[in-house]
> 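Here it is, the structure in full.
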Amino acid sequence: MSERKVLQDLLKSITYYDEEAASAAAEKAVEEGVDSIEAIEHGVAIGLKKIGEDYERGEIFLPELMMGANAAQKALKILLENMPQGSDYRGQGRIVIGTVEGDIHDIGKNIVAAMLRANGFDIVDLGVDVSIQRFVDSVKKFKPDVLGMSALLTNTMPKQEEVIQALKRENVRDSVRVILGGVPVTEEWVKKIGADDLGKDAMDTIQKLKKICEINEI
Ligand code: B12
């Protein structure tokens, strides 16, 4: 089976809300040696984007969005478990990551966390709906090189700014780099709220964090 067909099957399984087909397509991807990152970014993520657009246009409703997300989760479980491990960066950077308060979207954050882990970063995943204080306390407790915050809703993005303000108030902003992620987050937003970077996708995030953690070693 061609790689293109595997990616299409992954995408279709999500737009058809078919968990079984999603698992089967992910297993096929692993069997055929399709790169997990490729399968995630060009199969699963595209399927999710498509149902998101259908939802926005009012062509589908929340139950369908949820079923599509469930199918995506099935595929991701298999793809992430089979992601090749190994990196020369083992143990070289600690990242605290979470989805901001009021937001329960975690698929993208989980992909980023899993791929960073596979690349040797030490990950503290705070989960979803993380309060401002919990982000601040975790920076104090775990002393990470980088704090990563995900926000998928335009009305939860301001929480990223509130966390940065709270880090400043508690005098820990200078001890940590802040990287943001999530579909509505832009470079302009990063600048506006005084964060350090934007992780556009998992690969982009890994590249940026490798640079940041090297700089920290000097
Ligand atoms: C799946 C999904 C859901 C699932 C979430 C399941 C889960 N466990 O995550 C469910 C069905 C639960 C859901 C619920 C809702 N959703 Co929703 N959802 C989506 C959807 C379709 C896909 C999101 C996704 O997983 N994308 C795939 C991943 C791989 O992409 P990603 O998240 O962008 O992540 C990548 C990068 O952004 C980056 N990244 C992500 N996080 C991080 C973090 C860091 C630190 C870094 C560096 C990088 C990084 O790397 C990732 C990998 O490439 C989007 C549509 C879309 N286009 O995004 C809507 C979307 C985000 N949802 C939306 C809405 C409105 C909702 C609801 C409010 C609906 C409702 N009426 O209840 C609720 C909100 C619940 C809440 N309080 O959070 C809207 C938001 C609109 C807006 N302007 O705010 C969207 C855009 C759909 C739309 N077009 O209308 N949703």
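Worth saying up front: this structure is predicted, and the values here are computed from it rather than measured. For ligands, and for the atoms within them, numbers begin at 1 and follow the listed sequence. Along the sequence shown, residues carry numbers from 1.
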> May I ask you to list the atoms of ligand 1 that are less than 4.0 angstrom from any heavy atom of Ile111?
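Atoms satisfying the 4.0 Å criterion: 29 (C).
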> Taking only heavy atoms of Ser150, which atoms of ligand 1 are found under 4.0 Å from at least one of them?
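Counting from 1, the qualifying ligand atoms are 40 (C), 41 (N), 42 (C), 43 (C).
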> Using heavy atoms and a threshold below 4.0 Å, how should the contact between Val185 and ligand 1 be classified: side chain, backbone, both, or neither?
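The answer is neither; Val185 stays 4.0 Å or more away.
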> Give the atom numbers and elements of ligand 1 that come within less than 4.0 Å of a heavy atom of Asp103.
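Listed by number with element, the hits are 78 (O).
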> Hey, are Lys77 and Glu81 close enough for a salt bridge, meaning a charged N less than 4.0 Å from a carboxylate O?
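Yes, this pair counts.
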> I would like to know whether Ile97 and Ile123 meet side chain to side chain contact (heavy atoms under 4.5 Å, CB included); could you show each step before the answer?
CA-CA 7 Å; Ile97 192 167; Ile123 303 296; 4.0 Å; yes
> Between CG of Leu79 and CD of Glu27, what distance do you get to the nearest 0.5 Å?
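Result: 9.5 Å between the selected atoms.
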> Considering Gly47, Gly148, Gly108 one by one, which has a heavy atom nearer to atom 30 (O) of ligand 1 than any of the others?
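Checking each option, the heavy atom nearest atom 30 (O) of ligand 1 is found in Gly108.
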> Return the closest protein heavy atom for atom 58 (O) of ligand 1 as residue, atom name and distance.
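The closest one turns out to be Val183 CG1, 3.6 Å.
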> What's the separation between atom CG in Leu198 and atom CD1 in Ile179, rounded to the nearest 0.5 Å?
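One gets 7.0 Å once the value is rounded to the nearest 0.5 Å.
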> Can you tell me which residue and heavy atom of the protein come closest to atom 71 (N) of ligand 1, and the distance to 0.1 Å?
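That would be Tyr55 OH, 3.1 Å.
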> Is any side-chain heavy atom of Leu65 closer than 4.5 Å to a side-chain heavy atom of Leu62?
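Side-chain contact under 4.5 Å: yes.
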> If hydrogens are left out, which of His105, Lys208, Gln160 has an atom nearest to atom 16 (N) of ligand 1, that is, the closest non-hydrogen atom?
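Minimum heavy-atom distance to atom 16 (N) of ligand 1 goes to His105.
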> Taking both backbone and side-chain atoms of Gly102, is any N or O found less than 3.5 Å from an N or O belonging to ligand 1?
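It does: an N or O of Gly102 is found under 3.5 Å from an N or O of ligand 1.
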> What protein heavy atom lies closest to atom 4 (C) of ligand 1? Include the residue and the distance to one decimal.
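Ranked first by proximity to atom 4 (C) of ligand 1 is Ala69 CB, 4.0 Å.
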> Among Asp54, Asp106, Thr205, Ile46, which one puts a heavy atom closest to atom 8 (N) of ligand 1?
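Of the listed residues, Asp106 has the closest heavy atom.
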> When you measure from atom 86 (C) of ligand 1 to the protein, is at least one non-hydrogen atom found at a distance under 4.0 Å?
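No; the ligand atom in question lacks any protein heavy-atom contact below 4.0 Å.
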> If the cut-off is 4.0 Å to any non-hydrogen atom of Met149, which atoms of ligand 1 fall inside it?
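It comes down to these atoms of ligand 1: 45 (C).
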> Can you tell me which portion of Thr99 lies within the under-4.0 Å heavy-atom range of ligand 1? Options are side chain, backbone, both, or neither.
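Answer for Thr99: neither.
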> Give, for atom CE of Met149 and atom CD1 of Ile164, the distance between the pair rounded to the nearest 0.5 Å.
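The CE atom of Met149 sits 4.5 Å away from the CD1 atom of Ile164.
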> Any nitrogen or oxygen of Leu180 lying under 3.5 Å from a nitrogen or oxygen in ligand 1? Just yes or no.
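No; every N/O pair is 3.5 Å or more apart.
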> Between Lys50 and Ile14, is the side chain to side chain contact (heavy atoms under 4.5 Å, CB included) condition met? List the steps.
CA-CA 9 Å; Lys50 165 85 177 62; Ile14 294 163; over 6 Å; no
> Carefully, step by step, assess Asp196 and Arg173 under the rule salt bridge (Lys or Arg N to Asp or Glu O under 4.0 Å).
CA-CA 11 Å; Asp196 297 303; Arg173 174 65 185 95; 3.0 Å; yes
> Considering Leu76, Ile104, Val128 one by one, which has a heavy atom nearer to atom 12 (C) of ligand 1 than any of the others?
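It is Ile104 whose heavy atom sits nearest to atom 12 (C) of ligand 1.
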> If you count the atoms of ligand 1 from 1 in the order shown, which ones are under 4.0 Å from a heavy atom of Ala202?
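Checking each atom against Ala202, I get 50 (O), 52 (C), 53 (O).
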> Any sub-3.5 Å donor-acceptor pair from Asp122's side-chain atoms to Gly93's backbone N or O?
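Between the backbone of Gly93 and the side chain of Asp122 there is no qualifying donor-acceptor contact (under 3.5 Å).
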> For atom 80 (C) of ligand 1, which of the options Leu153, Asn155, Thr156 provides the nearest non-hydrogen atom?
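Nearest heavy atom to atom 80 (C) of ligand 1 lies in Leu153.
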> Any heavy atom of Met203 sitting closer than 4.0 Å to ligand 1?
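For ligand 1, residue contact (heavy atoms, under 4.0 Å) with Met203 is absent.
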> Please indicate, with yes or no, if any protein heavy atom is found under 4.0 Å from atom 55 (C) of ligand 1?
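Protein heavy atom within 4.0 Å of atom 55 (C) of ligand 1: present.
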> Among the clusters formed by ILVMFWY side chains lying less than 4.5 Å apart, do Phe135 and Trp189 turn up in the same one?
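Yes; Trp189 is reachable from Phe135 via cluster members.
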> Mind checking whether Lys200 contacts ligand 1 via backbone (N, CA, C, O), side chain (CB onward), both or neither, at a 4.0 Å heavy-atom cut-off?
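Under 4.0 Å from ligand 1, Lys200 contributes backbone atoms alone.
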> What atoms of ligand 1 come within less than 4.0 Å of a heavy atom belonging to Gln73?
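Answer, ordered by atom number: 8 (N).
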> Are the side chain of Thr99 and the backbone of Ile104 linked by a donor-acceptor contact shorter than 3.5 Å?
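No, Thr99 side chain to Ile104 backbone: no donor-acceptor pair under 3.5 Å.
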> In this structure, would Ile107 and Leu11 fall into the same cluster of hydrophobic residues linked by side-chain contacts under 4.5 Å?
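Shared cluster, no.
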> Could you identify the single nearest non-hydrogen protein atom to atom 37 (O) of ligand 1 and state the distance to 0.1 Å?
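Checked against all protein heavy atoms, atom 37 (O) of ligand 1 sits closest to Gly182 N, 3.2 Å.
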> Minimum heavy-atom separation for Lys159 and Val100, please, with both atom names.
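Residues Lys159 and Val100, closest heavy atoms: CB-CB, 3.7 Å.
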> Working to the nearest 0.5 Å, report the span between CD of Gln207 and CG of Asp197.
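Going from the CD atom of Gln207 to the CG atom of Asp197 covers 11.5 Å.
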> Identify, for atom 50 (O) of ligand 1, the protein heavy atom at the shortest distance, and state residue, atom and that distance.
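Here the nearest protein heavy atom works out to Val112 CG2, 3.3 Å.
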> Between atom CD1 of Ile193 and atom CD of Gln160, what is the distance when rounded to the nearest 0.5 Å?
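Spacing of CD1 (Ile193) from CD (Gln160) equals 5.0 Å.
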> I'd like to know if atom 47 (C) of ligand 1 has any protein heavy atom within a distance of less than 4.0 Å.
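Yes, at least one protein heavy atom sits under 4.0 Å from atom 47 (C) of ligand 1.
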> My understanding is that we take every heavy atom of each candidate and find the minimum distance to atom 21 (C) of ligand 1. Doing that for Asn70, Asp204, Leu48, which one comes out nearest?
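It is Leu48 that holds the nearest heavy atom.
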> Can you name the atoms of ligand 1, numbered from 1 with element, that are less than 4.0 Å from a heavy atom of Met66?
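In order of numbering, the contacting atoms are 11 (C).
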> Using the rule given for side chain to side chain contact (heavy atoms under 4.5 Å, CB included), can you reason through Met203 versus Met115, listing the C-alpha separation, both sets of side-chain angles and the distance that settles it, and then say yes or no?
CA-CA 8 Å; Met203 279 316 292; Met115 286 178 49; 4.0 Å; yes
> Please work out, at 4.0 Å between heavy atoms, whether the side chain, the backbone, both, or neither of Glu41 comes within that distance of ligand 1.
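Answer for Glu41: side chain.
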> Nearest heavy atom to atom 23 (C) of ligand 1 wins, so pick from Leu152, Thr154, Leu209, Ile107.
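That would be Leu152.
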> Does the protein come close to atom 27 (C) of ligand 1 - that is, does one of its heavy atoms sit below 4.0 Å from that atom?
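So atom 27 (C) of ligand 1 has protein heavy-atom neighbours under 4.0 Å.
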> Given the rule in the side chain to side chain contact (heavy atoms under 4.5 Å, CB included) test, do Gln133 and Glu170 qualify, once you have shown the distances and angles that lead to the verdict?
CA-CA 10 Å; Gln133 196 55 48; Glu170 302 206 24; 3.5 Å; yes
> Is the shortest distance from a heavy atom of Pro184 to ligand 1 less than 4.0 Å?
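In this structure, Pro184 fails to qualify as a contact of ligand 1 - no heavy atom is under 4.0 Å.
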> Find the distance between CZ (Phe121) and CG (Asp145) and round it off to the nearest 0.5 Å.
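The CZ atom of Phe121 sits 8.5 Å away from the CG atom of Asp145.
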> Going by the order shown, which atoms of ligand 1 are within less than 4.0 Å of some heavy atom of Asp201?
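Those atoms are 50 (O), 53 (O).
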